[in-house]
Structures are given as structure tokens and as C-alpha cells.
There are 2 protein chains.
Amino acid sequence: MSVSIKDIAKRVNRSITTVSRALNDYDDVSPETKQLILKTAKEMGYSPNSFAQRLQKQQSDTIGLILPTFSPRFSDPYFSELLAGIGNKAVDLGFDLLVSTRSPGPEENKAYEKLVEGGRVDGFIVVRTRNQDARIEYLLSKNFPFVAFGRTDDCNRFSYVDEDGYYGMQLVAEHLAGLNHEVIGCITPKPDLAFTEKRIAGLRDGLENYNIKLDPAYIKAGDLTQKSGYELGGELLDLPETPTAIVACNDLMAFGVMSAVQERGLVVGKDVSVTGFDDIPMSEFSHPPLTTVHQPVYQIGSMVCEMLVKIIRDESSEHQQILLKPSLIVRQSTGIYVKKAK
Amino acid sequence: MSVSIKDIAKRVNRSITTVSRALNDYDDVSPETKQLILKTAKEMGYSPNSFAQRLQKQQSDTIGLILPTFSPRFSDPYFSELLAGIGNKAVDLGFDLLVSTRSPGPEENKAYEKLVEGGRVDGFIVVRTRNQDARIEYLLSKNFPFVAFGRTDDCNRFSYVDEDGYYGMQLVAEHLAGLNHEVIGCITPKPDLAFTEKRIAGLRDGLENYNIKLDPAYIKAGDLTQKSGYELGGELLDLPETPTAIVACNDLMAFGVMSAVQERGLVVGKDVSVTGFDDIPMSEFSHPPLTTVHQPVYQIGSMVCEMLVKIIRDESSEHQQILLKPSLIVRQSTGIYVKKAK
DNA sequence: ATTGACATCCAAAACGTTTTGGTATATACT
DNA sequence: AGTATATACCAAAACGTTTTGGATGTCAAT
């Protein structure tokens, strides 16, 4: 089949040890032999069998990523970008990326266990953290390397990258308050997601600074899909006292809200302001373009991956915790609220 | 470290051969020992080292998927759904899915070569086929198992699943013709993508059946992003004779077109009709909801994966080629064109 | 008593690497 | 001459499996 180190050894009349060491650039191989071996290796089209390497080295050079999918039709532009960030960095660092998708629950935990116990991966990237996060509990209990994108309740026990959603939502609050909005609706994900609470709190506290109250009846829990934004946005708009601004916790739901608004013959950014969170590429080209909180997902993917590899390689046990300060991208989906004559 | 077959052997006082055979349910192990071995294996928390297995069996039980990303900010809901379909099926079949992203070009080819030559994967899923597809040429030359999602110029040399884009576009043409549209614009991907030509041809021929000519000046090549839909849609709308309908070759570009239309104060579905292709989940909740050609991406992912595994396992060399008949989903982004008085 | 069939087990080789713990030769220093 | 050092090499073990090609013992049929 494919050429092995043994074939090369035979060809150059050296031991397999020497060939191996030449290929790995050890310095107890003379420059000439090294040259020769490298050359014939290339000639013969040698490429190492990674399973043999990994078996011997007792490491997998593989990073695991299990995407939590909530519906069978999993379709989130946010994750594709994160995936690209992680994947490209992983390749740069010589790691493979093993991906699967699982909906949260026992099946998901089993998937983690299988990869850990089979020695299949050297570490995990855990995304979309939850408050009581079984995945994280498990990985901590096994002392298995991982980095999270997002925090949990007690989060100083591991490394993570997160964006400061509390602060981001304060920016939104400030922006909306500055536009005279007073009746504000909010569409969140399910409360078990770690960032849900933080974002609501940010919005609430931010509005309070301007003496605006966020009525709990105006907070609706969705599932981050456009569909739920559409439905819950509709519910908010059909309330007796219509909100003049609706804050969605991600862009996808914001798009859904915009559709609901427009369906009612209202103009987004004039009659009702809508904001999102994430700033996915689409947001710039929606109609109207979406005011949202930017999240550098691609870079976050890169960072998370790099941190994980560092942990895997160094066994450095101090936790690195990065909290990014978000910025607000103001576009045309928000505008001044002008009180209508009664 | 983790328990191996050797540890079990020691514990139950049998050879490692017997343990291995018991675990693999060979019938030259007595029922009692088999029972015992299975029990202690579970007790000790044994799980096989997949690298050792794969090294020995000379197969990787892994499927490779290299997503072609065109921009650094890769963000395509279409691919996340495909990924989920492939990934979940792969898990069911006991395969790992190895994912990375690469933009088309020499780097991409190298990535394929590396995985093939390193024995890293048993087969590939090739997506978004191109006319002269170097990836496919390479895999064919190596006689390496793969299944494509999409066809190429000469496509009876390998297995694929594709949706009949020619037919799908004919449906669009028929629909638009039925709505009195005569000046029709079209936004395509780059011509090297395999489906581009087919879709244009479908549209052109479909329109011709109604004696409507598709003016080449009204065909613009984009890159499948919302952004390019927005920009090229704008170009079409600014033409001296404005098209009354714009056909985009995917939903994302269609969204961009809708934004461009709306930005000009026109109403989508009334002043200008817009159609997409793919029917991603968002399309149902855009404003207005998008008329588009449905593509069961999740299922396609499943199918492609299943076909590949079959090829890997059986070495069955007959090519299976599946062409799905698409259906048109009519929503509110298209409407009757009423001639305006001059 | 021999033969054959069957059930149950196992030692050793193999998969393709890396690493350990050397050896042999040449050169340099007392 | 003897010793130390450096250079260039290598045999064998190890990683954790599966598979090959038996070995051994029992029982039934001849």
C-alpha cells in the first residue's frame, strides 16, 4: 500500500530509527543522511500514518467539537463562522477537528464520554454554555482539557472566552433610551443558557439608569431561531400597549421580529425599533440593516482553539479567562421614537 | 492510564486474544467467559483505543469533509444544515467526521492529499462541485472512495446526489411567466460552480417556453452571499429597464436582493418579485417570506453519508447517482406583475 | 484404541510509528 | 597510550489492538 518508514529505510540502507529521527529533525543524524532521507521520502511520496504516530505518542492531536443543535433542522450562520474560526486555527496548529452535532441531553453526554474514554480527542471546545452544564461538570471531573466559549454559574474553574453580554446589552439599553424608547420588549433564549440571564440583566440595569422599567411581561423566551423571533415578536406586537422597541438576544431572532413588524404594516426603525446580538454577516444586508452588538465569532473561534492547544501542550493549569468588550453597531433598524398624538 | 485489553486479560486470567475475541463476539469463546469478560470490561470502564484499532485494521472509520469557504467570514446556514445531516448519520454508522474549511485552490488540494495519504480518512464527501473539479480528479486518480453532493461536467464516473437545478429553475420560470413577468434578472454564483450553468439554462429554457427571452445583460455573477445579492440586485434595479422579477440562485442572495429592492422604496412581491433557491429555514420567516425552490439539505447530507459508507464497506464499484426532483415553494416574495401606465 | 469433530483457548505476529539505551568510530585532550 | 567527547548510527521495546495458525481437551463414532 502506502510507503512507510520501513520502505524508506530499506531504500537508503539505514535503520528505521535513523529514518524516523531524520524526519523529525533530530540532530544525531548527519546532514547528508538527513538530506538523503528527506529527499527519498518525498520521492516515494511518504506521509506518516497518523494512527501509528498517535498510538505511539499517546495523543490524538485532535480537538473535539460537539455542536448543540436544538432542532433537527440545525441551521445557524453563527456556528458556521465559529466552526471556520476553530477549524482553520486547528489546521494551522496541526490538529484535527472532530465535529458532531447532538441535541442537549443524555445522548450528548454519552458522545463526550465516548470521545474522552476512547482517547479519541485531546481536548474539547464547549460552546453555548449552560448554567448547570453537565458537559463541563463531566470534563472537570475527568480533569480533561477543554476551553469554553461562554461562562457558567461558577466559572473560575476553567478557561473560557466570552463576550460581555451584560455590557453589550447596556449599550443597547443606552442606545434605545437615547432614542426615547420607553416600552421595550425583549426576546431571549431559554433560561438555562448561561448568557440569557446576563443579557437580560444588562438590558434591565441599563434601562434603569434612564429610569425605564423592563416589564417582565415584555420578556419572552424563544430558542434563537428566526421562527421563534417571528412568533414571539408577533406576541409582543399584539400586546395592548405595543412596545416601541424590541431587543432580541441574537440576530436570527431579530430578523424574525422584523418580519413580524413588517407583516403588520409597520416600519422597522420608525414605528418599531429592533436590535439583535452577534452581528452575523447577514445583518449588514437585511432590510433595514440591523442595529446589533458585534461579536467577533471567527476570532473567538481562533482564540478558543489556540487556548485549548496551549493547555493540551503545556498542561498549563492556570485558567485563562477572557472577557471581550463588545461594541454596538448602529444601523437602520433603530430610530427615534416620536410619540403619536392620541 | 486508561484500561486496556491487557488489563482485562490479567484480571480474568485469560489471554488478550480471548478477551479481544470475546469483546468482538466471536464464537470460539465460551458463553461463560464471554459473559465474564464483558462484565469486567464494563466494570473497569474499558473502552477501546481507536487508534490502535485503526492502525491494526488499516482503516480509519472516518469521513472527511472539507468545506469550501469563499470568504474569510464563512457563514452559510445551508452548510450548517448539511453538516448536521452528514454528522448525525456518520455517528449512527460508527464513523467519525473530520471537518475543515479551505478556500478553493492549491491549499485545498493539499488538504485532500494530506488526509488521503496519511490514511486519515476512509472517504470524502465533496460538496459544491465545480466544473473542472481538481478535488474530484484527484480522488478519482487515487481511486479513493468519495461521494459528491453535486455533479460535474462528466459525472458518470462517480457517485453523487444532486438536486435537479435545471428542473427547479424551470419551475421558477413557469411560476414567474404565469405572473406576467417578462423582464427578468438573474443572479448566479461564479460560472465555475457546476450548478451555475444548469440553473441558468433551466431558467432560460423555462422562460423560452413562454416566449420570454432572458437577456444576458440581466445575468449577474455573485458569490452566494447576501452581500453580493444586495450589490448585484442593486445593479439590476438600476438598469434603464428595471426587471420586474429577480431570480437568485440561492436564498442568501435572494435576501440581499430583497434588501436592495426595499431600500429603493419598492415592495417585494408587488413591484419586484424575488425568488431564491435552497429553502433554508430562514426563508419562511423573512419579510416577505421567500418563494424558493426547496432542497432537503439535511436529508441530502444523510444520504450522501450513507452512500459513502456503503462504498467504503462494500467496495461496491457501481456508481449510484441520485437526482432529486425539487419542488417550488410559493410564498409572498413573488406576485402578479401589473403593467404600469406610461 | 483410533479417528474426527468440536469447543475453548492462546502465543506470536502484525499494523507504523517513536523512544530508549545503547554501540562504534573518529577526534581531541592529557 | 589512555581517556574523554562528539558524531553517526541502530536493535529492540513499546503503544493497544486484531488476526493467524495453531494447541489442548472432550466426546462420539468407528
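Naming convention: chains lettered A, B, ... in sequence-line order (proteins, then strands); numbering from 1 in each chain. Every heavy atom of this structure was used, including side-chain atoms; hydrogens, water molecules and symmetry mates were not.
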**Message:** Are more than 12 heavy atoms, taken from residues, nucleotides or ligands other than B/Q35, located less than 6.0 Å from that residue's CD atom?
**Reply:** no
**Asked** What pairs meet the ring pair (Phe, Tyr, Trp, His ring centres under 6.0 Å) rule with one or both residues in residues 47-68 of chain A, with sequence neighbours excluded?
**Response** A/F51-B/F51
**Request:** Name all residues meeting the side chain to side chain contact (heavy atoms under 4.5 Å, CB included) criterion together with B/L324; count only those two or more places apart in sequence or in a different chain, and write none if there are none.
**Result:** B/V161, B/E163, B/P296, B/I300, B/I322
**Request:** Using a heavy-atom cut-off of under 4.0 Å over every strand shown, decide if A/T17 touches base, sugar-phosphate, or nothing.
**Result:** base
**Request:** Let me know, please, whether A/I16 or A/E32 comes out on the 5' side of the other along DNA chain D by nearest nucleotide.
**Result:** A/E32
**Prompt:** Starting at NZ of B/K34 and ending at C1' of C/dC9, how long is that distance when rounded to a whole Å?
**Reply:** 13 Å
**Prompt:** Choosing from D/dT19, C/dC9, C/dT17, which nucleotide comes nearest the side chain of A/I5?
**Reply:** C/dT17
**Complete:** To the nearest angstrom, the CG-P distance between A/D25 and C/dT19 comes to 13 Å
**Item:** Listed partners of B/R11 passing side chain to side chain donor-acceptor pair (under 3.5 Å), at least two apart
**Value:** none
**Request:** Would you mind reading off the distance between B/K6 atom NZ and D/dA13 atom C1', rounded to a whole angstrom?
**Result:** 11 Å
**Asked** Can you list, by residue number, the residues of residues 48-56 of chain B that have a non-hydrogen atom closer than 4.0 angstrom to DNA chain C?
**Response** B/L55, B/Q56
**Partner set under ring-ring contact (aromatic ring centres under 6.0 Å, His included) for B/F158, not counting sequence neighbours** = B/F146
**Message:** Applying a 4.0 Å non-hydrogen cut-off, can you work out what B/S30 is touching in the nucleic acid: base, sugar-phosphate, or nothing?
**Reply:** sugar-phosphate
**Request:** Round to the nearest Å and state the distance from A/R21 atom CZ to D/dA11 atom P.
**Result:** 14 Å
**Asked** Touch check for A/D27, heavy atoms < 4.0 angstrom, all strands: base, sugar-phosphate only, or nothing?
**Response** nothing
**Prompt:** OP1 or OP2 of D/dT19 sitting under 4.0 Å from any side-chain N/O of B/Y26?
**Reply:** yes
**Asked** Could you give the CG-to-P distance, from B/N24 to C/dT8, as a whole number of Å?
**Response** 18 Å
**Asked** Would one find a side-chain N or O of A/S20 under 4.0 angstrom from OP1 or OP2 of C/dT18?
**Response** yes
Considering only distance and modelled atom types, tabulate donor-acceptor pairs under 3.5 Å from the side chains of residues 112-120 of chain B, sequence neighbours left out.
| unit_1 | atom_1 | unit_2 | atom_2 | d |
| --- | --- | --- | --- | --- |
| B/E117 | OE2 | B/Y138 | OH | 3.1 |
| B/R120 | NE | A/D96 | OD2 | 2.7 |
| B/R120 | NH2 | A/D96 | OD2 | 2.9 |

**Prompt:** Hey, is the side chain of B/S4 poking within less than 4.0 Å of OP1 or OP2 on D/dG16, counting only N and O atoms?
**Reply:** no
**Request:** Give a yes/no answer on whether the side chain of A/T18 brings an N or O atom under 4.0 Å of OP1 or OP2 in D/dC10.
**Result:** yes
**Message:** Check this for me: does any side-chain nitrogen of one of A/E137 and A/R157 sit under 4.0 Å from a carboxylate oxygen of the other?
**Reply:** yes
**Message:** Is there a side-chain contact between A/Q58 and the phosphate of D/dG16, meaning an N or O under 4.0 Å from OP1 or OP2?
**Reply:** yes
**Message:** Without decimals, in angstroms, what is the distance between A/D28 CG and C/dA24 P?
**Reply:** 17 Å
**Request:** Write down the distance between NZ (A/K57) and P (C/dT18), rounded to a whole number of angstrom.
**Result:** 6 Å
